[in-house]
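What follows is one structure encoded as structure tokens, with my remarks underneath.
None of these values were measured; they are calculated from a predicted model.
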Amino acid sequence: MSREKIINNYYNNYCEDNRFTKDNHHSLEYVISKAYFDKYIK
């Protein structure tokens, strides 16, 4: 299998909805991202 197919397969099967809640590091990423979105999008 080509490298591109492996990468596409990984990301097509990755559950993005659970990314921010799977551990504390990702929860911190969510909080920081949300703060920046709130600050610059409003």
Side-chain angles (χ1 to χ4, degrees):
M1 189 180 296
S2 73
R3 189 178 292 177
E4 181 180 350
K5 285 185 180 183
I6 292 171
I7 292 170
N8 282 332
N9 187 37
Y10 175 80
Y11 283 105
N12 288 335
N13 293 315
Y14 189 77
C15 184
E16 187 68 24
D17 294 335
N18 294 329
R19 184 167 73 94
F20 289 127
T21 58
K22 75 178 172 183
D23 60 28
N24 287 338
H25 291 90
H26 289 88
S27 296
L28 178 61
E29 178 186 357
Y30 172 76
V31 170
I32 292 170
S33 298
K34 185 173 180 337
Y36 277 99
F37 292 149
D38 289 344
K39 181 177 179 179
Y40 293 108
I41 292 179
K42 289 185 178 181

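M1 belongs to a hydrophobic cluster whose remaining members, ordered by chain and number, are I6; membership requires side-chain heavy atoms of ILVMFWY residues under 4.5 Å apart, directly or through intermediates. Side-chain contacts under 4.5 Å among hydrophobic residues (ILVMFWY), followed directly or transitively, place Y14 together with I7, Y10, Y11. Cluster partners of L28, by chain and number: I32, Y36, Y40. The rule joins Ile, Leu, Val, Met, Phe, Trp and Tyr whenever side-chain heavy atoms lie under 4.5 Å apart.
Looking at residues two or more places apart in sequence or on another chain, you find a side-chain contact (heavy atoms from CB on, under 4.5 Å) between D38 and K34, K42. Annotation: side-chain contact (heavy atoms from CB on, under 4.5 Å) contacts of S33 (sequence neighbours excluded): E29, F37. For N9, the side-chain contact (heavy atoms from CB on, under 4.5 Å) criterion is met by N13, not counting sequence neighbours.
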